[in-house]
Amino acid sequence: MSKIQVMSENLANKIAAGEVVERISSVVKELVENAIDAKSKTIIVDLVESGTKSITVIDDGIGMDEVDAKKAFIRHATSKLLKEDDLFFINTLGFRGEALPSIASVSKVDMRTSLKNGVGTHLHIEGGNLVIEEKSDAREGTRIEVADLFFNTPARLKYLKSDATELSNVTTFIEKLALSHPDISFTLTNNGKRIVFTSGSDELLKTIHEIYGYSVSSNMIEIKAMNDDYDVFGYICKPSILKSNRNHMTTIVNGRCVKNIEVNKAINDGYFTFKPDIKYPVVVLKIETDPTLIDVNIHPTKQDIKFSKIETLNKLITETIGEALRKALLVPKVEIKVPETMYNEIAIPMVHEEEEPFNQSEQVHLDFREIRDYETAKKQVKEESNPEIEENEQIKKLELYPVGVVMGTYIIAQNEESMFMIDQHAAQERINYERVLHAFATDRICKTSLLLPITIELTSSEFMRIKENMAILEELGFLVEEFGVNTYLVKEHPTWLREGLETESTKKIFEIIIEGKYLFDKLKFQDHIAATMACKMSVKGNEAISLTQAEKILDDLVLCDNPYNCPHGRPTIISFTRYELEKMFKRVMN
Ligand code: ZN
Ligand code: ZN
């Protein structure tokens with residue numbers, strides 16, 4: 001019984017436009033997806049000269065009988081799509097039946113395939129003409145080789161990109177496919193050299209490890225969440241291992257890898273303040289949903305899809321990631337040092353709940369130093385009570401000892417293993433940012449009365465804006481009174497404003513409220529205020545500081561929840577291990 005049916009002309013016309021063979025990766029995609037559809041557990045892709053000479057795909061799938069094998073090279077044949085309606089569901093990896101005949105028409109294709117107990121079939125096609133058809137050995141599965149792509153269409157040959165570009169596209173494709181199918185073992189080689197290998201363990205984290213290595217897999221955080229329509233599961237990286245492009249954000253919807261700008265944006269939003277805009281995380285996100293909630297037909301190659309209820313999905317993704325990051329960076333934890341990672345991790349216990357409530361009648365100034373000492377004390381207690389941690393010699397806390405300040409901006413520091421450069425502004429910004437957020441998180445706001453109130457004159461529309469949002473100012477710890485035409489008097493302000501900068505800072509907060517950004521999202525608003533104020537009150541670049549001041553910055557920085565980024569996501573610390581330095585000076589060779 002033949003598995004392949006010829007599909008309707010109508011459907012063929014509908015999809016013909018999309019299936020164009022133009023890249024090495026589009027040939028690999030076609031061949032490998034066929035192998036997946038054949039229920040293969042092991043798929044090997046061997047390239048010669050990045051695939052420009054030949055592309056071979058070997059699988060252990062169910063194979064084809066002679067009839068199906070020949071039909072696979074006839075236009076408009078497909079084993080997957082039987083009726084037009086099927087196009088609207090994504091339960092299949094997509095349709096094909098167009099690409100293989102197209103590929104065979106512009107290359108030399110050699111295929112050996114066999115069912116479990118059948119006789120094997122060997123076909124050889126050159127430029128679309130069947131030149132060999134014979135019986136072959138009966139190894140179950142399919143081996144297909146596409147050689148000399150575009151040998152008979154030299155004009156198209158020159159459109160292939162450089163070997164390196166084609167190879168990198170194929171590699172990215174195989175990696176994403178491996179991540180969407182952890183149960184299948186993938187191998188990719190070029191000129192005999194292995195580039196990708198996954199074991200098919202059916203464990204996503206192990207597959208991530210096999211693709212990205214230990215430095216990434218040991219810094220991944222598992223996430224899991226659901227709402228009425230979507231189930232989300234996967235792994236996100238800590239901010240210490242960000243990448244400079246989006247290629248490492250993988251979204252898998254109902255088992256199929258897709259590119260979707262909105263989902264990528266939701267992922268990035270989850271990293272809000274944990275990374276700079278120009279850096280991207282390593283994320284593998286699996287989304288499961290009812291197939292009727294997605295439309296696969298918006299992109300000819302089926303790489304993008306359209307979600308119904310995208311807002312609820314995005315909200316779920318952003319919140320889950322943000323929460324996971326905050327939790328992972330707050331929970332007391334000591335990390336094993338990994339040679340490849342740029343940064344060390346540090347243990348910070350949470351103390352907020354246990355803090356004594358502040359006495360309202362007193363003017364209490366929240367001093368970060370005190371919190372720090374308290375945290376240090378608590379941390380010691382915690383570590384002493386954990387024998388396991390003491391036993392493990394590899395465990396390291398982040399320690400930074402100042403050496404000096406260069407270019408008036410960068411603190412040079414060291415510890416036993418590493419040398420560090422710290423951006424003095426970014427570091428203090430992070431410290432102040434967390435201090436202000438701490439202040440927001442405590443129940444009672446500490447306020448200072450001003451002997452001389454701050455006068456703020458505004459235009460009438462600005463005046464109205466402030467009036468509408470008076471509750472927000474009060475919540476922040478300001479006591480504001482109207483005073484004549486379009487003028488306010490500020491009589492009390494929260495203590496976290498830095499001394500000497502009260503007027504300037506208060507005016508800035510008024511500005512932020514007038515601007516109206518994040519006003520309807522309390523957490524984002526507080527974050528924005530904290531980040532903006534932290535920037536204002538921190539030592540600038542090119543501003544001379546003493547070694548004692550530098551030491552204080554480092555002491556405070558290592559106690560931050562996330563010492564590695566400023567609130568805008570830029571790095572605060574750049575580190576070089578002894579090994580990395582030795583490598584740079586060629587004291588060691590690899
Ligand atoms: Zn700044
Ligand atoms: Zn910053």
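In each ligand, atom 1 is the first atom listed, and ligand 1 is the first ligand listed. All values derive from a computational prediction rather than experimental measurement. What's counted below: heavy atoms across the whole structure, side chains too, no hydrogens, waters or symmetry copies.
- Looking at Q414 and Y401, their side chains never bring a donor and an acceptor atom within 3.5 Å of each other.
- Between F463 and Y488, the gap from one ring centroid to the other is short of 6.0 Å.
- Residue-and-atom listing of protein N/O/S atoms under 2.8 Å from the Zn ion (ligand 1), sorted by chain and number: H425 NE2, E429 OE2, C535 SG.
- Classification of the H493-F478 ring pair by plane angle, with boundaries at 30° and 60°, yields tilted.
- Figure legend: cation-pi geometry between K524 and F272, with NZ or CZ positioned under 6.0 Å from the six-membered ring centre and within 45° of its axis.
- The closest side-chain donor-acceptor pair between N247 and Y280, if any, does not fall under 3.5 angstrom.
- For D269, the salt bridge (Lys or Arg N to Asp or Glu O under 4.0 Å) partners are K265, not counting sequence neighbours.
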